[in-house]
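To keep things clear, I will list the structure first and then write my remarks on it.
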Number of protein chains: 2
Amino acid sequence: MNKNRDVAAEEQSGALMADVARLAGVAISTVSRALANPGRVNEKTRAKINAAAKQLGYTPNAMARGLRVGKSNIIMIILPGSLYYGVSQIIPQVLQSINKSLIQGGYNLMIANLDRDEISERHILDLAFGGSVRGAIILSSKLPEVDGRSLASSGLPIVSMLLDMSDAGLQSVVTNDREAVRDVTAELIRLGHRRFFYLAGPEGNYHDVERYGGVLEALEAAGLSAESVRRSGGRLDYQHGFDIGVQAADDFAGLDEKPTAVIATSDDMAISFVSCIKRAGLSIPDDLSVVSFDGSPVCEFSSPPLSTIEQPVEEMGRAAVDLLLDALGQSQNPASAPTVIRSRLILRESVAPPKS
Amino acid sequence: MNKNRDVAAEEQSGALMADVARLAGVAISTVSRALANPGRVNEKTRAKINAAAKQLGYTPNAMARGLRVGKSNIIMIILPGSLYYGVSQIIPQVLQSINKSLIQGGYNLMIANLDRDEISERHILDLAFGGSVRGAIILSSKLPEVDGRSLASSGLPIVSMLLDMSDAGLQSVVTNDREAVRDVTAELIRLGHRRFFYLAGPEGNYHDVERYGGVLEALEAAGLSAESVRRSGGRLDYQHGFDIGVQAADDFAGLDEKPTAVIATSDDMAISFVSCIKRAGLSIPDDLSVVSFDGSPVCEFSSPPLSTIEQPVEEMGRAAVDLLLDALGQSQNPASAPTVIRSRLILRESVAPPKS
DNA sequence: CGATTTTTGGCAAACGTTTGCTATAAATCG
DNA sequence: CGATTTATAGCAAACGTTTGCCAAAAATCG
């Protein structure tokens, strides 16, 4: 009883491999091999060691292992500045999906946030160059570069998620932004809509280029001119989606020929736009159909329920981790074509044929 | 030029302290001291070393340092299962606030998600017992415990955020759930409301206990009986807020004496409840005032704009990190009274005096 | 200017685990 | 049963950094 008390106290204070070795009556290296390379140790010896390790609650010291092996067991995720937007659950979904997959692969997830300042860039470069992380998943088009150190040249395996960065040499997992928006625009055209209002993200931003490109493709395929669509926005980033939507409602009010359908490139824009438009006396979808992008859960409870393109975040997260773990196992991986996982259009009451 | 090319190539491949020492013409230990204990090294020598380190783009290996010093520079955040809810931005806000503060203190943030399974509990315990992390911020009432290892007995400094876990010996940073709900209930009473409908989180959950307690306190202070409030919910967790709200709308329909004010304990519940109630023909706030908890940004764009109690997440995150860093500098810190940071009521159009 | 005190650089060992290599034991072959 | 092959345990060194200690140089004191 007293003896158990002593052992229990020892358990709680971080037993070393040396302690396991002593208890099992073998060398430290044999313990290491029994745990990491069981085929190299006799079954009887292994049983002794496993019992001792369990009794002591032995937990390997990852820093020691990482130092000796020369490889960390940490992956960093490089996030794009603000982690929170209006209603979007994309970042939490990304984190949850990636974390879960990494743990299954034996890795840990560390947060590296890429603000627009040197401190955050340096933080990321320290992690990369100091050997603290083994790879990265990046959700930003910018690769940190400060004081002659650049992430691109660090040799760290990197996978881009949400943005196609194949041109920059990164393997990428994306959704079919262009195609999804093209298809929903085609659906609006099929319903009879001929004039569109596009709520834009930042000009030149990957997502905006793809999504607006989808609109233009659908117009062309239907024999409509690019003049059929009016743009609002283009200056603010997606994290200011509510503001973009409010400004868009203003812009809409000033249009002579009113569009009958709105294509918002994020749920936030659509939600605030709809709120303002309804206050101005218009009715959705009677006067104006609205569709948006992201697939935030709250769209179902909007007034009226909002049609939206839902991004396959969980699946993309899993695919990004798979790509990264593959890259960790190989020396050099030229970026192949991006892995594309399709978004899904959820049609709800915000979309209807135009009145006239 | 060619010489610069060689040095540049060497820069990109992770220079060691030994390389800096060689270039500066000093011992490795002198480099270590110059960088970490500058007062111990002559200024002239220090300048040579700093120049060499800069030229080589030297980045310290944190695993080596952690192993030698016996202390990691990583803090884990223990999150409560699902990272995403309906409209809540609490988790991303928590992560952003804590990450920023930790980096300023020289620490890195690692994600540890506490699902309801052994895998995630074991993951957390491995991090704690293996020396991989130096401390933890926890957003869950449950402390991991598997195979004779428990987080509570690991000796790891832990700070609880959002939940008061002082009784379990953890320093805690919380908001004034009870008081905030009491005050908003008092405001509804002041407006003339006498019958209330409370949309509850999981029975016995810390937040629900506090928030419902606040309602009861306000009723008592106004001389109203506890019968003045009807509860809906109590079985589902907050991450199922939309479902709770939908069910509550059903429950509401079955009430003989209709309450005139709804106190929802999360924005999600309020949003879905309002959506369903409006479909049933009722009008907000004409027939029913609604107030909720969390302060999600989208409440401003709801129909009508939703009154909500906004949690001070950023400030709580900073306070949690401060408490934790303090705890890291001291050996034993009995939990004092929790740090309480006040929430803020944002009154919008969803609240008005009752009709009769 | 010699004695004493302070500053400074470097050696060597530490941290906890892994792995190449060798010696010995065990298994297999002829 | 001796010769050969295979399996296994253990020694020792490695990983990159830090820090105690000591010797020598520099600074200060009387």
Side-chain angles (χ1 to χ4, degrees), chain A residues 10 13-50 52-53 56-74 106 126-134, chain B residues 10 13-50 52-53 56-74 106 126-134:
Chain A
E10 193 174 338
S13 59
L16 307 181
M17 196 177 276
D19 301 318
V20 177
R22 200 175 306 119
L23 186 59
V26 298
I28 297 173
S29 60
T30 305
V31 176
S32 178
R33 286 209 172 91
L35 298 181
N37 191 3
R40 176 65 169 71
V41 177
N42 170 288
E43 186 178 325
K44 194 169 152 195
T45 309
R46 209 186 321 141
K48 271 196 308 186
I49 288 167
N50 285 332
L56 294 175
Y58 169 69
T59 309
N61 182 320
M63 287 187 294
R65 186 179 197 284
L67 181 60
R68 177 61 176 79
V69 173
K71 295 171 187 172
S72 142
N73 69 345
I74 299 171
D126 284 348
L127 292 174
F129 280 90
S132 300
V133 297
R134 187 72 202 294
Chain B
E10 194 175 338
S13 58
L16 308 179
M17 196 177 276
D19 301 320
V20 177
R22 199 176 305 121
L23 185 59
V26 298
I28 297 175
S29 58
T30 305
V31 175
S32 180
R33 288 209 169 91
L35 299 180
N37 189 3
R40 174 68 168 73
V41 178
N42 170 289
E43 186 178 326
K44 192 167 148 194
T45 310
R46 208 191 315 143
K48 270 196 307 185
I49 288 166
N50 285 331
L56 293 176
Y58 170 69
T59 309
N61 183 318
M63 288 187 293
R65 186 179 197 285
L67 180 60
R68 177 58 175 82
V69 173
K71 295 171 185 175
S72 146
N73 68 347
I74 299 171
D126 284 348
L127 291 174
F129 281 91
S132 300
V133 298
R134 188 72 204 292

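Keep in mind that this is a model prediction, so the values were computed, not measured. Here is how names work: the chains are called A, B, and so on, in the same order as the sequence lines, proteins then strands, and each is numbered from 1.
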Exercise. Looking only at atom types and distance, does a side-chain atom of Asp19(B) sit under 3.5 Å from a main-chain N or O of Leu16(B), one as donor and one as acceptor?
Worked result: yes
For this session: To the nearest Å, give me how far apart CG (Asn37(B)) and P (dG9(C)) are.
Result: 12 Å
For this session: Please work out if Leu16(A) contacts a base, only the sugar-phosphate, or nothing of the nucleic acid, heavy-atom cut-off 4.0 Å.
Result: sugar-phosphate
Seminar exercise, completed: Atom CG of Asp126(B) and atom C1' of dG16(C) are separated, to the nearest Å, by 16 Å
Exercise. Roughly, in whole Å, what's the span from CG in Asn42(A) to C1' in dA25(C)?
Worked result: 11 Å
For this session: Name the closest nucleotide to the Ile28(A) side chain, picking from dC15(C), dG10(D), dT18(C).
Result: dT18(C)
For this session: Could you tell me the separation between the OG1 atom of Thr59(B) and the CG atom of Leu127(A), rounded to the nearest 0.5 Å?
Result: 10.0 Å
Exercise. Rounded to the nearest Å, what distance is computed from the CZ atom of residue Arg65(A) to the P atom of nucleotide dG16(D)?
Worked result: 16 Å
Exercise. Given atom NZ of Lys71(A) and atom P of dG16(C), what is their separation to the nearest angstrom?
Worked result: 23 Å
For this session: When you get a sec, tell me which of dC11(D), dT18(D), dT19(D) is the closest nucleotide to the side chain of Ser29(B)?
Result: dT19(D)
Exercise. How would you label the contact of Gly130(A) with the nucleic acid (heavy atoms, under 4.0 Å): base, sugar-phosphate, or nothing?
Worked result: nothing
Exercise. Which part of the nucleic acid, if any, lies within reach of Val31(B) when heavy atoms closer than 4.0 Å are counted: base, sugar-phosphate only, or nothing?
Worked result: nothing
For this session: Report the residue (Arg46(A) or Arg40(B)) whose heavy-atom-nearest nucleotide on DNA chain D is the more 5′ of the two.
Result: Arg46(A)
Problem set entry | Atom pair distance, as rounded to whole Å: CG in Asn61(B) and P in dC15(C) | 18 Å
Problem set entry | Length of the CG-P vector between Asn73(B) and dT17(D), whole Å | 13 Å
Exercise. About how many Å separate CD1 of Ile49(B) and NZ of Lys44(B), when rounded to the nearest 0.5 Å?
Worked result: 13.0 Å
Exercise. How long is the span from the OG atom in Ser132(A) to the CZ atom in Arg65(B), to the nearest 0.5 Å?
Worked result: 11.5 Å
Exercise. Using a cut-off of less than 4.0 Å, is there contact between a side-chain N or O of Thr30(A) and OP1 or OP2 of dG10(D)?
Worked result: yes
Problem set entry | Glu43(B) vs Ala64(B), nearer the 5' end of DNA chain C by closest nucleotide | Glu43(B)
For this session: Report yes if a donor N or O on one partner sits less than 3.5 Å from an acceptor N or O on the other, where the partners are the side chain of Arg33(B) and the base of dG20(D); otherwise report no.
Result: yes
Exercise. Does Arg68(A) get its side chain close enough to the base of dG16(D), under 3.5 Å, for a donor-acceptor pair?
Worked result: no
Problem set entry | Asn50(B) and Leu35(B), any side-chain heavy atoms less than 4.5 Å apart | yes
For this session: Calculate the interatomic distance between Leu35(B) atom CG and dG9(C) atom C1'; express it in whole Å.
Result: 15 Å
Exercise. Which nucleotide in the list dT18(C), dT17(C), dG10(D) gets nearest to the side chain of Ser32(A)?
Worked result: dT18(C)
Problem set entry | 5' precedence on DNA chain C between Gly25(B) and Pro60(A) (nearest-nucleotide basis) | Gly25(B)
